[in-house]
Amino acid sequence: MTAEALPVYVINRAADEDRIAGFAAAADALGVGFTRIEALDGHDPDAPLFLYRDLLRDGFWGEDRIKPGALACAVGHMHAWRRMLAEGAEAALILEDDARLIADPAGLAAAAKRYEDADLVFANPRMIAWRSVGAAKSDAALIPVAKAASRMAAKGARPGADDMAAGPGADAYLVTRKGAEALLGLMDAVGLIAGIDWIMAAAAGARGLGSAESDFLDGAITGAPTISAYIAREAVTEDGGGPSAIRHRETIPLAALREGLSLNREGGAVAPLDLREDPVSDAFRGGRFYEEPALAMMARWMPRGGVFADVGAHVGNHTLFMLRHGGAGRAIPFEHNRFAIEAFRAVIDANGLTERVDDAHLGFGLAEEAGKREAKGGKRNPFVNRLKRGFDEQERVRPGDALLRESEVDMIKIDVNGEEREVLKGLRKTLKRKRPLLVVDMTRERSLKALPLIERLGYAAAERAEWNEAGARRSVVLYRPGHVPGP
């Protein structure tokens, strides 16, 4: 960790434009750059809260209801932790958009650097106020959260009483790489059973404070992983964001977030194909998207309103998700199988997305050179099809460079049953000139042959989604452009 180059990540919802503008003005005055983290809007009916069902437990603050915004807030912080890990940062300052920088975070980084065990350093006004209870002149620049909590308990200072903030807040904190990994592990173990700020503070040692929240968590996270956390002497932010542009709505039952997903605008499930042994259609019938861990990763990186190219679009799983829930503005699908294309059109039409889909390339597969290829696999089940050279030439193929020459593209997803290298050969010019994000299914051994080409094209792995499915390990990797490749 270096004090001179502490990355700053700011969690912000698209609706809160005024907040991010105010933050940017304050940061610019200090000469501090930052990365905006797209936050979910818990009040948007298309927000993909369903992707985070596994965070939910039997209760939230002991009740069976939750504010959607509370889930969205927790997910925003988890996005920031994953982003800093993906970008290789040794530490980062994580902020919510209602905070205003009042000090260069380099000083905080310098102080934290002296504490090798530090996972987390709170630097927001509320935690600074907690630290001030029973403060001593001999206190170091950073003191452990547990020490501050012990002093508060000894003084009878309870959160929410005597003008003391009711909650610790997560609007400004430094987190190390080790800390981000620990926090993600904590959320896996504990789940979202309370506000994300309280979970972080309780795991950091804020126990026995005598408030209802503290009492609840003292028992709820016993035995859970702990983090090594401190409180800074001075805050790096002040409250200045003003009210959110989004009104908080009433809580909803936790069960509602666990139920099957509506896959079309009319509220029903979309299962247009009766394909045996097709996990995509099976997922649709069960009210779920297929490959949800990969979809969650893609949504974290997709530029809002950007163009999504879906190579191996199948029956529309990824295109549907990215347009309705993943932040994409338009989609360009590629699919050669006529049975899948029929189903794809039905899915897109059922969701009113026809105007946002450029379907001019449906009917084409992608390859290095134009021509025709034999479709190897079950003709009634496009899930297992892949294109190969053969005597029985049936399917039309074109280089992606030719088909995308006139198109802007921000993210390209490729899942073509092991023929990823062949597709990438035909996309070399597009990847060199337009530098989109690249998402590649690397589950199959054949797919790994694409790795040397991806590296030569100047791409590096940013994040990997891995999960078990039907007894097998799945792996989808998101690559982002690094160095510009040579000729």
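If you're wondering where the values come from, they're calculated on a predicted model, not measured in any experiment. If you read the sequence from its start, that first residue is 1, and numbering goes on from there.
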I want to check something: taking the side chain as every heavy atom from C-beta on, are Met442 and Leu451 in contact at a cut-off of under 4.5 Å? yes
Who are the side-chain contact (heavy atoms from CB on, under 4.5 Å) partners of Ala123, not counting sequence neighbours? Leu108, Ala232, Val236
With distance as the sole test, does Asp197 use its side chain to make a donor-acceptor pair with the main-chain N or O of Ala170 at under 3.5 Å? no
Could you report the tightest heavy-atom contact between Ala72 and Gly42, atom names first, then the distance? CB-N, 3.8 Å
Interatomic spacing from OG1 in Thr35 to CG in Leu95 - rounded to 0.5 Å: 11.5 Å
How about CD on Glu408, more than 12 heavy atoms from neighbouring residues, nucleotides or ligands closer than 6.0 Å, or not? no
Could you give the distance from CG (Asn351) to CG (Leu320), rounded to the nearest 0.5 Å? 4.5 Å
Asp410 and Gly306 have their tightest heavy-atom pair at OD2-CA, 3.2 Å
Could you list the donor-acceptor pairs under 3.5 angstrom formed between side-chain atoms of residues 358-365 and any protein atom two or more places apart in sequence or on another chain?
| unit_1 | atom_1 | unit_2 | atom_2 | d |
| --- | --- | --- | --- | --- |
| Asp358 | OD1 | Ala360 | N | 3.2 |
| Asp359 | OD2 | Arg345 | NH1 | 2.6 |
| His361 | NE2 | Leu403 | O | 3.2 |

Suppose the criterion is salt bridge (Lys or Arg N to Asp or Glu O under 4.0 Å): which pairs have a residue in residues 178-194, not counting sequence neighbours? Asp119-Lys178
Donor-acceptor pair, side chain of Ser447 and main chain of Glu420, under 3.5 angstrom: no
Pair listing, ring pair (Phe, Tyr, Trp, His ring centres under 6.0 Å) test, anchored in residues 73-110, at least two apart: His77-Tyr173
Would you confirm whether Arg435, through its side chain, and Leu431, through its main-chain N or O, come within 3.5 Å as a donor-acceptor pair? yes
So if I apply the side-chain contact (heavy atoms from CB on, under 4.5 Å) rule between Leu93 and each of Thr237, Leu101, Val175, which one comes out positive? Leu101
Show the numbers, then the answer: is there a side-chain contact (heavy atoms from CB on, under 4.5 Å) between Ile414 and Leu366? CA-CA 10 Å; Ile414 305 175; Leu366 295 191; over 6 Å; no
Can you tell me how far the CD atom of Glu455 sits from the CG atom of Leu457, to the nearest 0.5 Å? 10.0 Å
Could you tell me which residues satisfy ring pair (Phe, Tyr, Trp, His ring centres under 6.0 Å) with Phe60, sequence neighbours excluded, listed by chain and number? none
Measuring from Glu291:CD to Asp441:CG, what's the distance to the nearest 0.5 Å? 5.5 Å
By ring pair (Phe, Tyr, Trp, His ring centres under 6.0 Å), which residues pair with Tyr479, not counting sequence neighbours? none
Show the nearest heavy-atom pair for residues Arg53 and Gly287, with the distance to one decimal. NH2-O, 4.2 Å
Any Ile196 side-chain heavy atom under 4.5 Å of Met187 side chain: yes
With Arg57, which residues qualify under side-chain contact (heavy atoms from CB on, under 4.5 Å), at least two apart? Ile193
How far apart are the closest heavy atoms of Arg177 and Ala89, and which atoms are they? NH1-O, 3.5 Å
Before you tell me yes or no, could you show the steps for Met411 and Leu478 under side-chain contact (heavy atoms from CB on, under 4.5 Å), namely the whole-Å CA-CA distance, both residues' side-chain angles and the distance that decides it to 0.1 Å? CA-CA 10 Å; Met411 178 183 286; Leu478 186 143; 4.2 Å; yes
Less than 4.5 Å apart, side chain to side chain, heavy atoms only: is that true for Arg19 and Glu96? no
Hey, is Arg324 close enough to Asp44 for a salt bridge, meaning N to O under 4.0 Å? no
Any sub-3.5 Å donor-acceptor pair from Arg356's side-chain atoms to Leu323's backbone N or O? yes
Check whether more than 12 heavy atoms from other residues, nucleotides or ligands sit under 6.0 Å from atom CG of Asp58, and answer yes or no. no
What residues form a salt bridge (Lys or Arg N to Asp or Glu O under 4.0 Å) with Arg464, not counting sequence neighbours? none
For Ala24, what residues pass the side-chain contact (heavy atoms from CB on, under 4.5 Å) criterion, not counting sequence neighbours? Phe34
Looking at Arg13 and Asp97, is any side-chain nitrogen of the basic one under 4.0 Å from a carboxylate oxygen of the acidic one? no
Could you tell me whether a side-chain N or O of Lys449 sits under 3.5 Å from a main-chain N or O of Glu422, the two making a donor and an acceptor? no
Between Phe50 and Arg288, is there a side-chain heavy-atom distance shorter than 4.5 Å? no
Within the 6.0 Å centroid threshold, strictly below: Phe289 and His325: yes
Find the distance between CG (Asp16) and CD1 (Ile11) and round it off to the nearest 0.5 Å. 12.5 Å
Answer whether the closest heavy-atom distance between the side chains of His336 and Val397 falls below 4.5 Å. no
Could you check whether any side-chain N or O of Ser475 sits under 3.5 Å from a backbone N or O of Thr443, counting only pairs where one atom can act as donor and the other as acceptor? no
When you measure from the side chain of Arg65 to the backbone N and O of Thr251, does any donor-acceptor pair fall under 3.5 Å? yes
Please lay out, stage by stage, how Ile94 and Ile37 fare under the test side-chain contact (heavy atoms from CB on, under 4.5 Å). CA-CA 10 Å; Ile94 310 296; Ile37 299 295; over 6 Å; no
Interatomic distance, Phe122 atom CZ to Leu174 atom CG [nearest 0.5 angstrom]: 11.5 Å
Please tell me if the side chains of Pro105 and Val8 come closer than 4.5 Å, counting only heavy atoms from C-beta onward. yes
Mind checking whether Leu257 and Tyr52 have side chains closer than 4.5 Å, heavy atoms only? no
Go through the structure and list residues passing salt bridge (Lys or Arg N to Asp or Glu O under 4.0 Å) with Arg480, not counting sequence neighbours. Glu87
Can you tell me if Asp310 uses its side chain to pair, donor with acceptor, with the backbone of Thr319 under 3.5 Å? yes
Taking it one step at a time, do Arg330 and Phe308 satisfy side-chain contact (heavy atoms from CB on, under 4.5 Å)? CA-CA 6 Å; Arg330 292 179 54 247; Phe308 172 67; over 6 Å; no
Contacts of Arg36 meeting salt bridge (Lys or Arg N to Asp or Glu O under 4.0 Å) (sequence neighbours excluded), chain-then-number -> Glu38
In this structure, are over 12 heavy atoms from other groups packed under 6.0 Å from Arg421 atom CZ? no
Restricting to side-chain contact (heavy atoms from CB on, under 4.5 Å), what partner residues turn up for Thr430, sequence neighbours left out? Asp401, Leu404, Val409, Ile412, Leu427, Lys434
Heavy-atom closest pair (Ala47 atom, Asp41 atom, distance to 0.1 Å) is CB-O, 3.1 Å
Identify the two heavy atoms, one from Pro48 and one from Leu40, that lie closest to each other, and give their separation to 0.1 Å. CD-CD2, 3.6 Å
So do the side chains of Phe344 and Glu335 get within less than 4.5 Å of each other, counting heavy atoms only? no
